[in-house]
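Written below as C-alpha cells is the structure these notes are about.
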Amino acid sequence: MSTPPVPTDRPAPEPLPRPAPTAGEAVQRISSDVLLAGAQEVQIEHRGTLYRLRQTSLGKLILTK
C-alpha cells in the first residue's frame with residue numbers, strides 16, 4: 001500500500017512536544033516509511049537548525065545539516 005507524497009506548498013503541522021522517556025520507558029520507534037511518506041527526502045527542524053533526511057537509491061538513510 002502506497003502513501004501519497006507530502007505536499008510541499010505548505011508547512012507541516014507542528015508536532016506536540018513529548019517529554020523525554022524516563023528510566024524504564026520504551027524509546028519511541030517510528031518507521032522511516034511514516035517519516036518519508038513516499039518522498040525521497042524530508043526536512044527536519046531541530047532546535048532552529050534545518051536537517052535533511054534522504055533515502056538513497058540503495059534504501060539507506062542519510063541525515064545532513
Side-chain angles (χ1 to χ4, degrees):
M1 183 157 136
S2 176
T3 306
V6 175
T8 57
D9 59 340
R10 62 176 185 240
E14 291 291 321
L16 296 175
R18 285 182 48 106
T22 59
E25 281 188 331
V27 175
Q28 182 179 8
R29 181 181 293 190
I30 301 172
S31 167
S32 62
D33 292 331
V34 171
L35 284 174
L36 293 169
Q40 289 298 111
E41 180 179 321
V42 293
Q43 294 181 349
I44 301 169
E45 185 178 345
H46 176 67
R47 297 182 177 181
T49 301
L50 195 59
Y51 293 83
R52 293 173 47 203
L53 178 66
R54 62 185 176 92
Q55 181 173 300
T56 69
S57 59
L58 297 175
K60 297 184 184 235
L61 295 176
I62 299 175
L63 179 67
T64 55
K65 256 185 171 180

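Numbers for residues simply follow the sequence, beginning at 1. All heavy atoms count here, side chains included; hydrogens, waters and symmetry mates do not.
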Using the rule that two of Ile, Leu, Val, Met, Phe, Trp, Tyr join whenever any of their side-chain heavy atoms come within less than 4.5 Å, decide whether Leu50 and Leu63 are in one cluster.
no

Would a hydrophobic clustering, with Ile, Leu, Val, Met, Phe, Trp and Tyr connected at side-chain separations under 4.5 Å, put Ile44 with Ile62?
no

Value rounded to 0.5 Å, distance of OH in Tyr51 from NE2 in His46
5.5 Å

Given Glu41, which partner from the list Arg52, Arg54, Gln55 fulfils the side chain to side chain donor-acceptor pair (under 3.5 Å) test?
Arg52

Closest heavy-atom pair and its distance - Leu36, Val42
CA-CG1, 3.9 Å

